[in-house]
Amino acid sequence: MKRLTFLITVVFCLVIAGSVLAERWPIGDGSTAYPLGNNYGEYQNYGGSPYYHDGIDILGYVGEPNYSVSDGYMVYIANNEPLYSGLMIADTYGQDDGWLYWHLTYATIPFNVGDPVSVSDTVGNLADWPVASFHHDHFTRMWFTGSWYEATGNPLEWMV
């Protein structure tokens with residue numbers, strides 16, 4: 001019985017360790033906290049149409065590399081420079097759930113749609129946000145509709 005309990009404990013620890021190693025923070029060394037600009041569900045009204053923010057804005061510096069938080073496949077890339085370029089990485093090929101990284105410089109995205117992406121791969125660099133030096137990755141967990149995305153909840157709740 002002790003041997004079985006020991007084996008179950010070891011397997012459990014390996015599963016937990018594998019989960020922790022499977023995701024990282026999208027900016028920096030993967031473990032250093034970065035400040036958030038806007039948070040998930042925060043009411044936004046900048047003089048246009050008000051909305052609830054559907055991700056987190058992780059603040060960084062212009063040109064700072066962003067990294068994949070999990071393994072997956074590139075399913076969407078947008079080139080709407082200078083502010084609205086970004087990408088989505090789905091969890092598995094042909095699946096619509098994944099991670100969105102927004103406000104990246106298009107020319108720094110090293111993947112094409114369909115390419116496999118691994119944890120910690122550089123996915124692009126932060127774009128120069130001209131308003132109040134608010135350089136950030138709009139990061140969220142989402143479902144891809146085929147032409148756009150819908151957030152599936154607070155990305156901080158999805159992170160290990």
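Small disclaimer: the values here were computed from a predicted structure and weren't measured. Throughout, numbering of the chain's residues begins at 1 and tracks the sequence.
Atom CG of Asn79 is separated from atom CD1 of Ile109 by 8.0 Å, given to the nearest 0.5 angstrom. The OG1 atom of Thr108 sits 8.5 Å away from the CG atom of Leu126 when rounded to the nearest 0.5 Å. Rounding to the nearest 0.5 Å places CG of Asp121 at 12.5 Å from CG of Asn66. Atom OH of Tyr106 sits about 9.0 Å away from atom CD of Glu81, to the nearest 0.5 Å. Atom CD1 of residue Ile27 and atom NE2 of residue His136 lie 10.0 Å apart, to the nearest 0.5 angstrom. Distance check: Asp137 CG to Leu59 CG gives 10.5 Å after rounding to the nearest 0.5 Å.
Under the 4.5 Å side-chain heavy-atom criterion for Ile, Leu, Val, Met, Phe, Trp and Tyr, Val62 and Trp129 are members of distinct hydrophobic clusters. Both Val131 and Tyr84 belong to a single network of hydrophobic side chains, linked directly or stepwise wherever heavy atoms of I, L, V, M, F, W or Y lie under 4.5 Å apart. Note on Ile58 and Tyr61: separate hydrophobic clusters, where clusters join Ile, Leu, Val, Met, Phe, Trp and Tyr whose side-chain heavy atoms are under 4.5 Å apart, directly or indirectly.
Within the 4.5 Å cutoff, the side chain of Leu83 has heavy atoms near those of the Pro130 side chain. Using a 4.5 Å heavy-atom threshold, the side chains of Leu36 and Ile56 count as touching. For the pair Met142 and Glu150, the minimum side-chain heavy-atom distance is 4.5 Å or more. Counting heavy atoms from C-beta outward, Ile77 and Val113 have side chains that approach closer than 4.5 Å. Looking only at side-chain heavy atoms (C-beta outward), Arg24 and Val119 come within less than 4.5 Å of each other. Looking at Leu104 and Ser85, their side chains never come closer than 4.5 Å, going by heavy atoms from C-beta outward. Residues Tyr101 and Tyr67 are not in side-chain contact: their nearest non-hydrogen atoms beyond the backbone lie 4.5 Å or more apart. Within the 4.5 Å cutoff, side-chain heavy atoms of Leu87 are placed close to those of Val123.
For the pair Thr140 (side chain) and Leu100 (backbone), a donor-acceptor distance under 3.5 Å is absent. Remark: side-chain polar atoms of His135 are not paired, donor with acceptor, to backbone N or O of Gly60 under 3.5 angstrom. In this structure, the side chain of Thr32 does not engage the main chain of Asp29 through any donor-acceptor pair within 3.5 Å. In this structure, the side chain of Ser68 does not engage the main chain of Val117 through any donor-acceptor pair within 3.5 Å.
In this structure, His138 has its ring center closer than 6.0 angstrom to the ring center of His53.
Classified by interplanar angle (parallel below 30°, tilted 30° to 60°, perpendicular above 60°), the ring pair Phe139/Trp99 is parallel. Using a 30° and 60° split on the angle between ring planes, Trp102 and Tyr76 fall in the parallel class, below 30°.
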Residue pair Arg141, Asp91: steps toward the salt bridge (Lys or Arg N to Asp or Glu O under 4.0 Å) verdict
CA-CA 11 Å; Arg141 178 76 182 168; Asp91 296 334; 2.5 Å; yes

Between Gln44 and Asn38, is a side-chain contact (heavy atoms from CB on, under 4.5 Å) present by the stated rule, with each step listed?
CA-CA 9 Å; Gln44 307 282 290; Asn38 295 307; 3.5 Å; yes

Please report the C-alpha distance between Ile89 and Phe111 in whole Å, then the side-chain angles of each, then the deciding distance to 0.1 Å, and finally whether the side-chain contact (heavy atoms from CB on, under 4.5 Å) criterion is met.
CA-CA 10 Å; Ile89 300 170; Phe111 297 98; over 6 Å; no

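Considering all non-hydrogen atoms of both residues, Gly124 and Pro110 come closest at N-CD, 4.2 Å. Nearest heavy atoms, Thr122 versus Asn125: CG2-OD1, 4.3 Å. Taking every heavy atom of both residues into account, Ser118 and Asp71 meet most closely at CA-OD1, 3.2 Å. The minimum heavy-atom distance linking Trp25 with Val69 is given by the pair C-CG1, 4.1 Å.
Counting non-hydrogen atoms of neighbouring residues, nucleotides and ligands closer than 6.0 angstrom, the OH atom of Tyr43 exceeds 12 such neighbours.
Side-chain atoms of Tyr40 and Glu42 form no donor-acceptor pair, as typed in the model, at a separation below 3.5 Å. Residues Tyr34 and Glu64 have side chains that bring a donor and an acceptor to within less than 3.5 angstrom of each other.
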